Number of protein chains: 2
Amino acid sequence: MEASDIYKCIADPQRLRILNLLEAGVLCVCHLQELLEVPQVKMSKQLASMKKLGLVESHREGTWMLYAMAEPINRLVGVNLRYLREADCTECNQLQLDLLRRERLILRIRQTSNECPESVCQQIGCC
Amino acid sequence: MEASDIYKCIADPQRLRILNLLEAGVLCVCHLQELLEVPQVKMSKQLASMKKLGLVESHREGTWMLYAMAEPINRLVGVNLRYLREADCTECNQLQLDLLRRERLILRIRQTSNECPESVCQQIGCC
DNA sequence: TAATTATATACTATTGACAGTATATACAAA
DNA sequence: TTTGTATATACTGTCAATAGTATATAATTA
């Protein structure tokens, strides 16, 4: 996996946001959709491309697909996420905002029964 | 200038190599061409695109165009160059190699009279 | 078994980046 | 003023990435 492949990947703001969110913890496709407000098909394709690159992993829980950062996390991705989270630009602020929205989402899931199966909840950390 | 513009730029290995070289010091177009072994038109277009982005600057010395990193150097570019120069991948090794080739080029210019005008030499650091 | 939910894939059209060729410009030297 | 050198731009064709629509698959529930 070359550096240029990584850069092509994170050159798409939406893919960068996905990596930023997954670095904070596991999420299922539908919650990623909700957080980023993108159509299902687009999210699915972007996740597939990053899985192909080896940046993320997925596993099924019932009808749900949980996505997580592939371990060990790609160092170049890590370096850039760390930098961008601290930096000040439109995209950088969005990354910080996304992490806050993720917190709120998890709180909501915790309060809403049957929003996701229990095994999923454990991994997401909502229960 | 958004992060995604920077990533799109450095997602091209050749543009990354150019930035890597310019970060080490001023170079003229023809020497960049020689170091990277690319046709003139390609080099010229890539430099133009990076100038448009605000990453590099140029000024004319006679028939020569000297390119340099725009000051202050873009921080995201800096972070990535610093990381890649230390890392171990095909592209990273190339960056290190390029810097060595640059040293040798400058030595050669120093020994060859009239390879470039004196004012250029001063900036490149070859005399 | 049929219906529903969550997700993935196939297909198509469009767009943007890039390479290559040709030509233009800017300056220097004769 | 012509010639040469260094560099930039215009133009064109090609290819890869993307979005959107439709459909398929996989698991769950009724």
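Any value given below was found using the heavy atoms of this structure, including those in side chains, with hydrogens, waters and symmetry copies removed. Quick note on labels: first sequence line is chain A, next is B, and so on, each numbered from 1. The shown structure was predicted, so the numbers you read here are calculated from the model rather than taken from an experiment.
Of the side-chain N and O atoms in B:Y67, none sit less than 4.0 angstrom from OP1 or OP2 of D:dA6. Contact annotation: A:R15 side-chain N/O to D:dT18 OP1/OP2 distance is under 4.0 Å.
Rounded to an integer number of Å, the gap from CZ of A:R60 to P of C:dA8 is 7 Å. Between B:M65 atom CE and C:dA28 atom P there is a gap of 13 Å when expressed in whole angstrom units. Across the protein-nucleic acid pair, B:E118 atom CD and C:dA28 atom C1' stand 17 Å apart, rounded to whole Å. Atoms CG (A:D5) and C1' (D:dA17) sit 14 Å apart, rounded to a whole Å. Remark: P of C:dA17 and NZ of A:K8 are 14 Å apart, rounded to the nearest angstrom.
Summary of the strand contacts: A:Q14 and A:G62 both lie near DNA chain D, and taking for each the nucleotide with the nearest heavy atom, the more 5' one is attributed to A:Q14. Position along DNA chain D of the nearest nucleotide to A:D12 versus A:E61 favours A:D12 as the more 5'-ward residue.
A salt bridge between A:R101 and A:E37 is present, with a side-chain N of the basic residue lying under 4.0 Å from a carboxylate O of the acidic one. Salt-bridge formation is detected for the pair B:E34/B:R108: a Lys NZ or Arg NE/NH1/NH2 atom is positioned less than 4.0 Å from an Asp or Glu carboxylate oxygen.
Taking the side chain of A:W64 as heavy atoms from C-beta on, and the options C:dC27, C:dA6, D:dA8, the nearest nucleotide is C:dA6.
Annotation for B:E61 and B:H59: closest pair OE2-NE2, 3.4 Å, computed over non-hydrogen atoms.
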Donor-acceptor list for residues 7-16 of chain A side chains, cut-off 3.5 Å, not counting sequence neighbours:
| unit_1 | atom_1 | unit_2 | atom_2 | d |
| --- | --- | --- | --- | --- |
| A:Y7 | OH | B:N80 | OD1 | 2.6 |
| A:D12 | OD1 | A:Q14 | N | 2.7 |
| A:D12 | OD1 | A:R15 | N | 3.2 |
| A:D12 | OD2 | A:Q46 | NE2 | 3.3 |
| A:Q14 | OE1 | A:K42 | NZ | 2.8 |
| A:R15 | NE | A:C9 | O | 2.8 |
| A:R15 | NH2 | A:K8 | O | 3.2 |

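Atom CG of A:L81 and atom CG of A:L22 lie 10.0 Å apart (nearest 0.5 Å).
Of the residues in residues 29-54 of chain A, those lying under 4.0 Å from DNA chain C by heavy-atom distance are A:V29, A:C30, A:Q40, A:V41, A:S44, A:K45.
In this structure B:C89 satisfies the side chain to side chain contact (heavy atoms under 4.5 Å, CB included) test together with B:E91, B:C92, sequence neighbours excluded.
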